[in-house]
Amino acid sequence: MTDTSSQAQRDLAGSWMRMLAWWGPGVALIVITGNMGWWWHMAAWSLGLLWLGGLCVANAMHCGRLHCYFTGPLYLALA
């Protein structure tokens with residue numbers, strides 16, 4: 001049986017502040033460059049998806065969040 005309090009502490013998305021600090025840059029990069037030219041769009045979305053996918057894979061390995069086992073590889077494949 002896993003201890004949920006220690007699992008929540010290891011979770012990179014365990015609080016709004018941690019989630020904003022870790023996932024915010026990748027999401028901001030994608031949102032900000034959404035209406036720019038195709039080159040900026042392609043480069044920024046690739047970097048943003050690599051960032052998000054890497055965080056999801058690390059979070060899945062770190063705390064075992066089921067959602068991240070699926071979204072991590074998906075984001076990396078999309079990048």
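Values below: all heavy atoms of this structure, side chains included; hydrogens, waters and symmetry mates excluded.
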Name every donor-acceptor pair, under 3.5 Å, that has one atom in a side chain of residues 51-59 and the other anywhere in the protein, sequence neighbours excluded.
| unit_1 | atom_1 | unit_2 | atom_2 | d |
| --- | --- | --- | --- | --- |
| Trp51 | NE1 | Trp22 | O | 2.8 |
| Asn59 | OD1 | Leu12 | N | 2.9 |
| Asn59 | ND2 | Asp11 | OD1 | 2.8 |

Only pairs under 3.5 Å count here: list side-chain donor-acceptor contacts from residues 66-79, not counting sequence neighbours, and write none if there are none.
| unit_1 | atom_1 | unit_2 | atom_2 | d |
| --- | --- | --- | --- | --- |
| Tyr69 | OH | Ala60 | O | 3.2 |
| Thr71 | OG1 | His67 | O | 3.1 |

Between side-chain atoms of residues 26-38 and protein atoms elsewhere (two or more places apart, or another chain), which donor-acceptor pairs fall under 3.5 Å?
| unit_1 | atom_1 | unit_2 | atom_2 | d |
| --- | --- | --- | --- | --- |
| Thr33 | OG1 | Leu29 | O | 2.7 |

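Atom CE of Met61 sits in a sparse spot, with 12 or fewer heavy atoms from other residues, nucleotides or ligands closer than 6.0 Å.
The ring pair (Phe, Tyr, Trp, His ring centres under 6.0 Å) check on Trp23 picks up nothing, with sequence neighbours excluded.
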